[in-house]
Amino acid sequence: MTLALETIGLTKSFAALRASDAVSLQIEERESHALIGPNGAGKTTLIGQLTGEIIPDSGRVHLFGTDVTQWSVPRRALHGLGRSFQITQLCMSFTALDNVALAIQATQGHSFRFLADASKDKKLNDPARDVLARVGLADRATIEAQYLSHGERRQLELACALALGPRILVLDEPMAGMGPQESARMIEILQALRGEITILLVEHDMDAVFALADRISVLVNGTLIATDRPAAIRANEQVRAAYLGTEAH
Amino acid sequence: MRVKSLALAGAALVALTMGAFAQQAPVKIGIVTTLSTPGGYLGEDVRDGILLAIEEEGGKLGGVPVQPLIEDDKLKPGDAKQIVDKWIEAEKVKLFTGIIFSNVAVATVPTILENDGIYVSPNAGPSNFSGKACHKNYYVASWQNDNLHESAGALAKKLGYKKMVLLAPNYQAGKDALTGFKRMYGGEVIEEIYTSLDQTDFSAEMARIRAAKPDAVFQFHPGGTGIAFLKQWAQSGLKDQIPMVVAAPSLDQRIAAAVGDAALGIALTSHWNTDFKNPQSEAFVKGFMAKYNRVPTVYASQGYDTAKLIGAGLKATGGKLDENVFRAAMMKADVQLTRGPFKFNTNQHPIQDWYEMKAVKGADGKVTLQTLGKVLENHGDAYAKDCKI
Amino acid sequence: MGLNRSTLLAFLLIAALIAVPFAAPYIGGNYIITQATRVVIFGIVALSLDLLIGRSNLVSFGHAAYFGLGGYVVAIASFHLANDIPLLGWAGSNEALVVWPLAMLVSGLAALVVGALCLRTSGVYFIMITLAFAQMIYFIFVALKFYGGDDGLSMRSRNLFAGERITNATTFYWICLGALALCLLVQWRLIVSRFGRVLSGGAANERRMAAMGYSIYAYRLVAFVIAGMMAGLAGALYANLNRFASPDMMSWLLSGEFMVMVIMGGVASLFGPIIGAAVFLLVETSLSGATEHWQIFFGPFVLLIALYAPRGVWGLVRGGGK
Amino acid sequence: MQLLIEQLLNGLQLSLTLFLLAAGLTLVFGIMGVINLAHGSLYMLGAYAGASVAAKLGNPWMALPSALLASALVGIVMEYLIVRPLYARDHLAQVLATFGLILFFNGFIAWAVGRPPIMMDTPAALSGFIEILPGLPYPTYRLAVMGAGVCVALGLWYIIARTRLGMLIRAGSDKRDMVEALGVNIAVLFTLVFGLGALLAGLAGVMVAPIRSVQVGMGEQVLITTFVVIVVGGIGSIRGAFIGSLLIGMCDTLGRAYAPILLKLWLSGSIADGFGAALASIMIYLVMAIVLIVKPRGLFPVGG
């Protein structure tokens with residue numbers, strides 16, 4: 001079985017702080033994998049190194065068997081890595097449809113096309129509408145992102161990632177700041193993707209994690225202390241001590 | 001008190017205008033000049049010199065009523081051009097003067113001439129218009145640019161300096177200055193140093209001068225940069241080691257007042273100075289001090305003389321601005337100027353005398369310029385031979 | 001409703017620009033036409049600058065450099081022709097259809113080099129570096145004594161347009177207006193195209209664009225070059241208007257004034273920058289005519305716009321919010 | 001050799017003056033994220049205040065306190081009235097607003113003082129020169145300016161490295177929450193820093209006043225050079241500002257001194273002079289371009 005994502009000894013320090021300490025993580029294709037850890041464990045730094053926003057001090061990142069350690073963010077995206085951000089990143093003045101259409105456009109070769117009106121381009125709008133429908137935003141297509149609710153924006157961000165036709169989705173706390181209803185909706189959407197696309201989920205909401213993950217990795221102080229099935233993680237003494245013991249309710 | 005004098009002035013103005021209308025419509029004189037930027041005081045003095053001459057005649061020049069229009073070109077050639085265009089179109093102005101800087105003149109004068117206007121320069125006399133491209137409606141009342149520096153070169157030769165370092169800003173007028181200087185100097189030029197246009201710290205150049213050990217230095221830095229240069233020259237200790245020769249724009253009365261003792265001992269040349277003994281000059285200095293409460297610079301005298309020359313031209317036309325009549329009268333230049341003897345050359349640039357001067361301490365303890373004698377007599381310019389009018 | 005008001009404003013603007021030559025004989029003759037020509041030319045520059053500031057969120061503080069370069073290209077071509085000095089084997093030219101595209105090409109190339117460097121940075125770095133490079137180009141032309149240096153370079157006559165002399169102010173105005181119309185058309189298509197989408201996406205959220213696989217640098221560079229070319233065309237027109245090019249056309253103050261025009265009119269609006277150019281020239285001309293210390297009033301005016309009307313005239317007309 | 005030493009001293013003096021300006025500009029940007037084009041105007045105001053007061057009282061020493069007071073006061077008022085609403089705004093609004101301020105200050109000075117450049121006398125005690133090497137006199141005043149520059153640089157280093165204010169400054173604008181959590185009134189801190197920057201600009205202005213002419217527009221020339229300095233050094237970094245000042249100050253001075261001489265090895269005299277002067281005036285921009293190619297965020301980038 002090929003690995004969707006593999007990191008080998010990934011290390012990154014900020015001054016005296018070692019945010020990633022020889023992290024070696026393996027995610028299999030079509031696996032739904034969750035990354036958990038207390039605040040300040042280095043999750044965001046790790047995600048940054050996976051997506052290319054942060055260049056590691058040492059170690060390698062492999063994406064579907066290719067070494068992408070030195071690749072830029074856009075290049076990794078076009079290689080099949082779709083992502084959402086901890087704090088929503090959307091083009092707020094664009095409509096929901098245009099946000100997704102922009103992602104579709106990225107998959108259709110270069111955008112040095114200067115004359116035709118992109119807003120009337122069926123090759124962009126039709127697939128974009130399909131993706132919006134998949135995340136349940138079909139009826140919100142013409143609303144500008146800045147007027148969507150928080151939960152809708154998270155859904156839209158997921159749509160932008162899906163529109164790229166990614167082979168792996170990296171989701172940085174997609175449930176953050178959501179009410180129970182919105183969370184349930186998001187879990188439902190993600191459930192539908194499970195098994196179809198590889199998913200790496202960083203999440204604090206333990207219900208969501210246990211509902212969605214095939215395997216869970218636990219990051220503490222920049223080090224991976226365990227990777228295992230949810231049930232095993234639940235039982236893991238070390239994890240309980242370091243993490244669940246302090247944070248679980 | 002204030003209101004009263006204001007009312008009085010208003011009444012006088014009304015009377016003046018009414019009187020003028022009773023006789024004939026006044027001739028409009030478009031004065032485009034540089035009032036803002038650090039070079040603005042040149043324009044102020046030219047303007048005030050012209051206005052003084054007009055006021056002395058009660059709103060007339062050569063007996064003809066005139067109406068001066070004044071606008072600031074901000075030292076931007078494009079702006080000057082627009083002002084001229086506007087006046088030609090909207091005010092039907094035919095007679096222009098006032099431009100201070102050569103770069104403004106080069107851009108603006110052709111527009112005036114192409115529209116059958118007349119231009120009398122109170123300051124800039126760029127070489128562009130003194131040779132082949134001279135024009136029958138273009139007069140220069142001040143000097144051909146090179147004259148300033150030729151006279152300085154002649155003075156350096158007279159003072160016996162064998163090897164010199166020359167400095168000027170790295171633009172056209174600076175380049176011309178050194179060319180002009182070298183034309184009359186004839187000695188050895190060890191080094192030519194070009195400074196940049198906006199430069200105000202000359203320490204690097206002064207170190208080079210110190211290393212070159214010349215007999216004397218010639219430098220051309222008009223206005224604000226000149227002040228900085230002279231102050232730094234004194235501070236570097238070079239002032240007591242190496243004599244300096246400059247042309248009029250690098251050490252006018254205002255610069256002398258600003259730099260104070262740092263100017264003492266500098267040799268310069270000019271075609272006019274406040275201590276000239278002819279009656280016209282003495283009356284002008286008195287009148288200018290009375291009206292504006294400051295010592296006139298050479299620019300003020302140029303403005304005043306320009307107005308007088310225009311007056312001579314207008315007198316012959318009787319207020320109808322016929323360019324041929326105007327020209328005939330102008331070329332005679334039958335008028336007393338502050339600088340003394342004056343003739344127009346074939347290219348309608350001056351033939352006049354140039355004087356040696358020195359910055360000395362006056363009776364009041366302030367630095368002033370003292371005239372010592374002539375360096376060039378009846379001096380024209382090198383370009384006149386190319387001019388066919 | 002808002003849309004209607006702004007459409008009306010755009011319509012009024014177009015009508016006014018077309019009406020100028022017909023109304024001119026009654027309101028000031030050629031002087032008015034010359035002023036209107038300046039509005040049109042500065043309108044082109046403001047429009048091009050808005051492609052950067054408004055559409056791409058690239059605050060370029062050196063736009064005058066490309067404007068000035070365009071001006072110099074036509075002045076230099078005419079200089080070589082007039083003085084019979086070949087330039088690297090080329091005799092020079094006075095034909096608008098040759099030298100105007102050449103002006104655009106040269107300005108575009110300069111923008112390509114400067115942009116390639118500046119776009120490696122962003123934010124406040126970008127502002128300062130575009131300013132510094134423009135200053136560098138300014139100093140190069142000040143030092144080019146062969147072309148007049150600081151004194152600038154006069155042209156003997158305006159360029160020929162397809163072999164015809166353009167002596168008439170009205171004819172020249174129509175040509176400039178035509179150029180503006182062309183630029184408007186190009187800009188309009190640009191911003192609705194896929195390319196324009198990427199630019200505005202990058203302006204709205206750079207991280208999101210990267211995550212979607214866009215290398216925004218190349219798109220921005222192309223926008224920078226296009227804006228430089230338009231500014232170059234405007235510079236060529238301006239040199240023709242004055243028959244004169246000088247380093248003043250590249251001064252950083254002029255770059256600042258271009259920015260003021262864009263914002264005064266309204267960023268990221270097609271007609272806003274042109275309205276901005278008109279208002280700017282109107283205010284500047286009337287203030288400087290009224291007092292020589294006009295800057296004392298003009299400065300605070302600019303300040304107030306920055307503080308309280310960041311969306312400019314267009315924004316005010318269109319109404320807040322949406 | 002003597003020439004080289006003299007040129008190096010000249011370069012050092014220019015560098016230190018630039019540093020005073022760059023330090024203020026980079027601090028203001030680093031801590032509050034505001035780009036202030038009117039920084040050059042504060043420099044001009046310092047020079048004008050110093051020169052006018054010195055001329056009025058006939059005592060050049062009075063120039064220093066009056067310039068510092070004037071520039072700091074104007075800076076604080078400016079911060080309170082104009083810059084404060086700009087914190088939350090984008091760079092575009094900041095550039096535009098401070099551009100307006102430049103126009104205003106230039107217009108104001110032209111109206112209030114007049115357009116002719118004014119001069120300031122050097123204090124008598126500093127007006128001569130000192131023979132630093134046999135046969136090499138150097139202006140005392142320039143030595144004093146260097147001394148003052150070094151003192152300020154050391155003082156700044158102390159404030160930033162060793163004091164609570166410095167710690168807050170280092171924390172920077174990104175960690176505004178953290179600073180506020182420490183119970184610091186952020187508004188007062190910003191005003192203080194802005195005032196400090198203005199004070200340094202005023203100090204630079206009054207220090208060069210006796211050397212250069214004091215004139216409208218003097219601020220903009222120096223502002224653009226200062227931009228080059230902080231871009232090269234890395235915006236927000238005091239250390240970068242210091243190294244950048246040295247680099248740019250030295251390049252400018254040595255370029256002007258030696259570019260024509262070096263070019264004479266290949267070119268004929270007058271061409272070399274002209275071309276050398278041109279090269280010297282764009283030298284600092286070339287340095288900036290090279291630094292940017294190698295390190296796009298300057299030599300000492302701040303934050304990532």
Side-chain angles (χ1 to χ4, degrees), chain B residues 34-45 72 166 168-171 174-175 178-179 189 191-208 210-212 221 223-232 234-238 240-241 254-255 257-262, chain D residues 2-7 9-11 13-14 17 106-107 110 114-122 126-131 135-142 208 210-218 220-222 252-258 260-261 269-270 273-278 280-281:
Chain B
T34 304
L35 297 172
S36 50
T37 80
Y41 76 93
L42 278 67
E44 274 174 4
D45 269 18
D72 177 17
L166 318 182
N170 189 28
Y171 67 120
K175 189 89 179 159
L178 299 196
T179 312
V189 175
E191 202 166 357
E192 286 178 26
I193 301 176
Y194 288 97
T195 53
S196 70
L197 192 62
D198 62 345
Q199 190 175 333
T200 47
D201 187 343
F202 299 97
S203 49
E205 286 75 12
M206 291 190 184
R208 276 171 71 184
R210 192 193 307 283
H221 288 98
T225 52
I227 298 178
F229 192 95
L230 293 179
K231 299 270 304 191
Q232 292 170 32
Q235 283 164 5
S236 69
L238 285 164
D240 305 324
Q241 298 170 5
R254 287 240 201 157
I255 296 179
V259 298
D261 289 357
Chain D
Q2 252 186 25
L3 181 61
L4 181 65
I5 293 171
E6 191 174 351
Q7 300 292 24
L9 282 173
N10 290 335
Q13 185 237 316
L14 175 62
T17 311
N106 283 351
R115 294 180 204 90
I118 62 172
M119 287 307 300
M120 189 182 129
D121 284 327
T122 319
L126 300 175
S127 64
F129 44 83
I130 293 173
E131 197 139 322
L136 179 58
Y138 199 77
T140 317
Y141 186 77
R142 283 179 192 265
V208 302
I211 304 179
R212 304 174 178 194
S213 60
V214 177
Q215 60 188 42
V216 174
M218 65 188 286
E220 286 88 80
Q221 290 171 20
V222 87
D252 193 45
T253 308
L254 297 182
R256 275 194 282 127
Y258 291 106
I261 296 174
S270 71
D273 281 327
F275 194 65
S281 62

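Here is the naming used below: chain letters follow the sequence lines, and residue numbers restart at 1 for every chain. Because only heavy atoms are used, hydrogens play no part in the values below, and waters and symmetry mates are left out as well, while side chains stay in.
From B/R208, atom CZ reaches atom CD of D/E6 across 12.5 Å, with rounding to the nearest 0.5 Å. In this structure, CD on B/Q232 lies 11.0 Å from CG on B/L238, to the nearest 0.5 angstrom. Note that the CZ atom of D/F129 and the CG atom of B/D240 stand 6.0 Å from one another [nearest 0.5 Å].
Between D/N10 and D/Q7, the side chains place a donor N or O and an acceptor N or O closer than 3.5 Å (distance only, hydrogens not considered).
Interface remark: B/I255 contributes no atoms to any contact with chain D (heavy atom separation under 4.5 Å). When heavy atoms are compared at a cutoff of 4.5 Å, B/A258 approaches chain D by way of both its backbone and its side chain. For chain B, no part of D/D252 is nearby; none of its heavy atoms comes within less than 4.5 Å. In this structure, chain B has no heavy atom under 4.5 Å from any part of D/M218. For a residue to count as touching a neighbouring chain, one of its non-hydrogen atoms must lie under 4.5 Å from one of that chain's; by this rule D/T253 touches chain B with backbone and side chain alike.
Side-chain contact check for B/L35 versus B/E44: some heavy-atom pair is nearer than 4.5 Å.
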